[in-house]
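Here is the structure we will look at.
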Amino acid sequence: MNIVQPFFKQCSDTPDALAFSENETAISYVDFKHRVETLGLFLQKKLIAGSCIAIALDRGIDSAACIYGVLSAGAIYVPLDIKNPAVRLNFIIEDAQARYIIGSGKAPEWLEQSEKWLDINEIFQQNKKAFMPVELEKTQIAAILYTSGSTGTPKGVALSHQALFNFSAWATQTFSLNNTDCIASLAPFHFDLSIFDLFSSLSIGASVHFIPDKLSFAPSKLTAWLSEKKISCWYTVPSLLSFIALKGAVETTDLSALKRILFAGEVFPMEHLITLSNLLPEVNLYNLYGPTETNVCCYWKVDRARLKLGESIPIGKAAGDAVLDVDNETSELKVQSLNNFSGYWQNGKLSALASSPYPTGDKVSLNSRGEYCYHGRLDRMLKCSGYRVEPAEIEQRISQLEGIAYCAVIGMRDKTSGQRPAAVLVLENGVNLAVAIKPLRGLLPSYMQPCKFIIVDTLPTLSNGKIDYLAIEGLFH
Amino acid sequence: MKEKIREFIFEDLIFVAEPEKFSDDDDLLEAGLDSMGIMRLIMFVEEQFTVTLPDSEIDPDNVRSFNTLEQWILQHK
């Protein structure tokens with residue numbers, strides 16, 4: 001098995017069909033395959049099967065070719081968020097024990113292991129030769145997606161070829177994708193939503209259109225773009241869909257090509273979902289649920305008749321082969337599925353799974369229709385702009401700063417959607433807050449930056465001496 | 001007007017260690033204003049200053065700094 005095989009088959013069926021578009025550039029299946037082959041062959045000569053290749057490129061055609069090339073050669077792709085602070089990027093490269101880091105141009109300043117840098121433009125200048133993707137065991141790891149970790153450092157979720165294949169095939173079938181589909185792609189490749197954009201699409205001959213970055217700040221230009229590209233399917237996060245529903249000039253934009261919108265990553269505020277649903281009465285909407293460790297394990301096709309203010313939508317029923325179970329005592333959702341991750345990647349190798357089925361940490365219940373409903377977290381994890389954020393990772397970074405004695409991080413509910421981190425600090429004597437926290441911008445990505453700080457003399461504690469997070473939340477109201 | 005917007009942005013949208021040192025030309029997007037923040041900012045401005053900012057003009061360049069934001073709002077006052 002190799003997750004790229006369906007794409008190679010598709011290339012012989014529809015070589016001239018459009019595979020990707022990015023700004024003014026478009027590339028056909030066969031031309032994309034040539035790039036993948038060049039990369040695959042180049043990497044195979046370096047005997048990289050089974051090792052990690054970090055990708056330091058923004059989402060786009062080159063980055064997608066890199067991912068397909070790495071997979072063809074039997075290696076593991078580790079997509080980096082190049083907007084992350086240097087310390088986080090270097091940690092990930094070190095933890096993954098990446099053999100190479102592929103980017104564009106010269107090695108960047110932030111990179112500690114610059115001897116491992118490969119310039120994609122140089123690789124593409126190699127001679128073009130046919131290359132067949134390496135046949136692999138289905139349990140072979142294909143991707144490592146780093147997310148925020150509760151131990152204070154990012155953790156790598158290792159996904160096998162089988163896991164990607166199983167999800168990709170389920171999505172293709174469930175959403176009836178075919179070779180006439182035009183799929184919009186906005187999710188960065190380190191975000192699990194991109195698995196759909198990268199693999200479901202090319203397995204059936206659809207085309208993928210990368211949404212220009214700046215359009216996520218300009219909702220009516222984004223809808224105009226969706227219209228111009230005749231986008232038929234888009235998998236994205238609720239916060240952006242809310243922005244479009246409110247400010248996207250949807251009434252005056254021809255979105256007749258759009259057939260389905262899939263959303264995941266955070267709870268869709270009902271008010272905005274109703275607005276979106278009314279503006280796009282012909283579009284099928286799907287609420288997809290699942291942490292990176294399980295990918296989509298539960299989904300609900302939005303039933304418009306059931307959208308009522310003050311109520312929340314269910315996460316629905318099991319997706320594909322997923323077996324869902326709810327813990328009687330804690331109401332925690334547990335998931336067993338072929339989509340499930342293989343374990344966390346630590347220090348260059350796979351750590352065995354701590355437990356199977358996977359405990360999600362999410363509290364759920366079953367309604368009378370047999371659908372699962374989401375009721376928040378059992379632990380302190382936050383959802384910020386669709387990203388999962390562990391307060392412990394923020395706390396660790398803040399604690400390392402000079403002048404900070406203690407700190408605790410909680411989530412403030414955002415009025416529009418999701419949460420935002422906020423911190424309570426105990427400062428050492430004579431320390432100025434502004435000076436103390438100044439280095440934070442270089443240590444944490446923007447979605448992990450606390451939006452508020454409160455200074456206290458001592459952190460509130462429970463009778464057992466543990467930090468009283470409820471009391472801390474109270475400080476922000 | 002700028003004062004009210006400053007207060008809202010620094011209280012509700014982004015944290016800046018020393019807001020008094022943040023100039024009217026400094027880049028708000030670099031300081032962490034994201035698409036959700038822009039949405040809330042626009043809704044705040046429309047409500048506070050009874051102005052309608054056309055959807056077609058919502059663009060990173062119009063909200064990049066306090067000065068560009070003020071100019072944009074004044075065009076619709």
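Residue numbers begin at 1 in each chain, while the letters A, B, ... track the order of the sequences.
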Q.
Please verify the inter-ring angle class for B:F44 with B:F49; under 30° counts as parallel, over 60° as perpendicular, anything in between as tilted.
A. perpendicular
Q.
When you compare the side chains of A:S220 and B:D55, does any donor N or O come within less than 3.5 Å of an acceptor on the partner?
A. no
**Q.** Region of B:E46 in contact with chain A, defined by heavy-atom distances below 4.5 Å
**A.** side chain
Q | Full working for side chain to side chain donor-acceptor pair (under 3.5 Å) between A:S256 and A:D254 | A | CA-CA 6 Å; A:S256 54; A:D254 173 19; 2.8 Å; yes
Q. Which answer fits A:K247, side chain, backbone, both or neither, if we ask what part of it has an atom under 4.5 Å from a heavy atom of chain B?
A. both
Q: Heavy-atom distances under 4.5 Å only: say whether A:Y447 touches chain B with side chain, backbone, both or neither.
A: neither
(Q) For a quick check under 3.5 Å, do A:S194 and A:D197 share a side-chain donor-acceptor pair by atom type? (A) no
Q. If we only count heavy atoms from C-beta on, is the A:I398 to A:P450 side-chain gap below 4.5 Å?
A. yes
Q) Do the side chains of A:R377 and A:R388 get nearer than 4.5 Å, heavy atoms only? A) no
Q) Non-hydrogen atoms of chain B under 4.5 Å away: do they reach the side chain of A:K438, the backbone, both or neither? A) side chain
Q | Per-residue contacts, residues 56-75 of chain B versus chain A, heavy atoms under 4.5 Å | A | B:S56, B:I58, B:D59, B:P60
(Q) Taking the ring centre of each residue, are A:F243 and A:F217 less than 6.0 Å apart? (A) no
Q: Please state whether the rings of B:F10 and B:F22 are parallel, tilted or perpendicular, taking 30° and 60° as the class boundaries.
A: perpendicular
Q: Give the member of A:A224, A:A434, A:S216 that has the highest number of heavy-atom pairs under 4.5 Å with chain B.
A: A:A434
Q: Determine whether A:P212 and A:N23 make a side-chain contact, defined as any pair of heavy atoms from C-beta on separated by less than 4.5 Å.
A: yes
Q.
For B:I42, which atoms come within 4.5 Å of any heavy atom of chain A: side chain, backbone, both, or neither?
A. side chain
Q: Examine whether an atom of A:L240 lies under 4.5 Å from a heavy atom of chain B, and if so say whether it belongs to the side chain, the backbone or both; otherwise answer neither.
A: both
